[in-house]
Amino acid sequence: MTILLDDWKRTHFTKNINEKLVDEEIVVMGWIHEIRDLGGIIFIVLRDKDGKIQITAPTKKIDAELVEQIRNFKKESVIAIKGIVQSSNKAPNGVEIIPGAIKILNESNQPLPMDPTNKTNAEIDTRLDNRFIDLRRENISSIFKIKSQMLHSVRMFFEENGFLEVNTPKLVASATEGGTELFPITYFEREAFLGQSPQLYKQILMSAGFERIFEIAQIFRAEEHDTLRHLNETISIDMESSFMTDKDVMEILEKLVNKVLVDIISKGNQHLKILDVDLKLSQCPFPVVTYDKAIDIINSKGVQIEWGEDLSRAAEKVLGEEYKNYYFLTEWPTEIKPFYVMPNKKDPTKSHAFDLMYGDLEISSGAMRVHEHDLLKEKIAEKGLNPDSFDNYLKAFAYGMPPHSGWGLGVDRFNMTLTSLKNIRETVLFPRDRRRLTP
Ligand code: ATP
Ligand code: MG
């Protein structure tokens with residue numbers, strides 16, 4: 001039987017029910033979190049998006065049909081309750097509801113595929129297979145409430161600083177920068193790819209005169225990663241700014257990270273508490289470690305690395321022991337950075353590229369870019385790529401391209417640092433990795 005809401009309207013969310021409503025009739029809606037039948041009294045805990053409320057049914061005092069209905073309740077069914085608010089020193093929030101009428105809007109099957117009441121911690125695969133139930137747990141939904149707060153702060157920050165939000169295509173004709181594996185797709189009679197980064201479009205928009213832009217969007221990486229920090233689909237916050245150097249955009253990044261920390265510590269505190277995370281503001285300015293210095297530190301701890309190599313996982317771990325919070329790694333070798341990175345004028349073996357790290361985790365990469373057409377064309381060829389396939393990109397550099405810099409910040413990795421999570425899969429609603437394409 002289909003039960004509809006009809007003329008029932010929710011009057012309150014659980015978080016808004018308090019002493020001021022005592023003796024008032026209200027309507028709440030949500031899931032049956034728990035039921036305890038003590039014979040003379042039945043306690044029900046109703047859960048909605050922000051919290052829980054106790055429903056207390058004294059079996060002798062309320063309608064017999066209602067008691068019968070409550071006795072048949074199944075956990076996690078969706079219900080609506082009309083009832084009177086009553087103060088109670090035993091109820092967790094000082095008030096409870098005495099039910100007058102109930103609608104069972106949809107009954108849940110039993111047994112449940114996993115326990116949503118936090119009492120048992122299932123394996124990550126069981127949790128992800130049953131994500132709709134896993135997300136009913138408040139410590140899990142808190143991760144996404146913090147992420148939403150982070151994205152809100154990011155948008156506010158960019159708006160306050162005169163940046164325009166843009167959207168660039170994710171269906172692309174060819175590899176943007178080389179170096180990364182792409183997912184091929186069929187695009188009518190042609191082959192196309194899923195975008196690995198908005199890099200080239202961000203730069204074209206500098207020539208278009210937007211000067212300050214940002215984008216928050218999906219990026220796709222086809223590497224067969226099997227780590228706790230890589231997914232094949234992730235979200236990147238990308239920014240690009242004209243008339244700024246690498247130092248300028250590092251300052252923007254540092255300010256942005258700090259704004260997010262301040263906002264989450266002040267406004268998202270209840271979610272941090274649920275997660276048992278003691279988030280702290282960061283020391284400012286962030287330490288700046290040159291690549292040369294990083295190599296010295298790494299070698300001094302017995303991990304072998306040659307100048308010019310990318311950092312191995314073992315090397316990142318050594319740095320993470322030394323610097324536990326946010327820090328920049330700068331002056332990367334030009335050789336291991338993409339073609340669009342500006343080499344250092346005095347020593348072209350070094351570049352104006354930087355990474356933002358948090359302990360042993362890379363969370364952002366950025367650089368001052370090459371804005372001069374001929375140098376850029378040369379650098380594309382040096383990387384073994386065909387400049388002809390970059391025609392549409394290169395064209396934008398020949399008719400008034402300003403100097404510019406920018407970065408890409410991984411949303412899911414950034415969220416790992418805010419929530420102290422070790423597995424990136426935890427911070428994504430429906431993660432995509434080598435083995436997982438559903439749900
Ligand atoms: P890594 O060396 O850790 O694989 P990367 O240098 O290949 O990362 P970039 O191309 O610099 O990554 O991308 C910018 C940011 O996007 C990274 O610093 C990271 O935060 C995020 N990112 C990139 N690839 C992934 C991925 N596969 N999964 C999750 N986040 C990613
Ligand atoms: Mg990087």
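One-based numbering, in listed order, for ligands and for the atoms of each. Because only heavy atoms are used, hydrogens play no part in the values below, and waters and symmetry mates are left out as well, while side chains stay in. Note that the numbering runs from 1 along the sequence shown for the chain.
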Salt bridge check, [Y] against [X]: does any charged N sit closer than 4.0 Å to a carboxylate O?
| X | Y | answer |
| --- | --- | --- |
| K259 | D263 | yes |
| K273 | D278 | no |
| R127 | E426 | yes |

Exercise. Is it the side chain, the backbone, both or neither of R413 that has a heavy atom closer than 4.0 Å to ligand 1?
Worked result: side chain

Exercise. What do we get for H230 next to ligand 1 when only non-hydrogen atoms under 4.0 Å count, side chain, backbone, both or neither?
Worked result: both

Exercise. Between F157 and K255, is there a cation-pi geometry (under 6.0 Å to ring centre, at most 45° from the normal)?
Worked result: no

Exercise. Which one of V262, I264, N258 satisfies the side chain to side chain contact (heavy atoms under 4.5 Å, CB included) criterion with V260?
Worked result: I264

For this session: Using heavy-atom distances, let me know which of L311, L231, L409, T227 sits nearest atom 26 (C) of ligand 1.
Result: L231

Seminar exercise, completed: Looking only at non-hydrogen atoms, the one of D412, T234, D238, D355 nearest atom 31 (C) of ligand 1 is T234

Go through ligand 1 atom by atom and flag the ones less than 4.0 Å from a non-hydrogen atom of [X].
| X | value |
| --- | --- |
| R229 | 28 (N), 29 (C) |
| I424 | 29 (C) |
| S364 | 18 (O) |

Exercise. Do the rings of F414 and Y326 sit parallel, tilted or perpendicular, given the 30° and 60° boundaries?
Worked result: perpendicular

For this session: Quick one: sort the Y393 and F339 rings into parallel, tilted or perpendicular, breaks at 30° and 60°.
Result: perpendicular

Exercise. Just how far is it from atom CZ of F354 to atom CG of L356, taken to the nearest 0.5 Å?
Worked result: 8.5 Å

Exercise. Do S365 and ligand 1 have an N or O pair less than 3.5 Å apart?
Worked result: yes

Problem set entry | N or O pair under 3.5 Å between I363 and ligand 1 | yes

Problem set entry | Close approach of Q196 to ligand 1, heavy atoms, under 4.0 angstrom | no

Problem set entry | Within-shell test, S236 vs ligand 1, heavy atom, strictly < 4.0 Å | no

Exercise. Can you list the steps and then say if R435 with D226 is a salt bridge (charged side-chain N to carboxylate O under 4.0 Å, His left out)?
Worked result: CA-CA 9 Å; R435 281 175 299 275; D226 194 4; 3.2 Å; yes

For this session: Give a yes or no on whether S364 keeps an N, O or S atom under 2.8 Å from the Mg ion (ligand 2).
Result: no

Exercise. If you look at E362, which of its N/O/S atoms is nearest to the Mg ion (ligand 2)?
Worked result: OE2

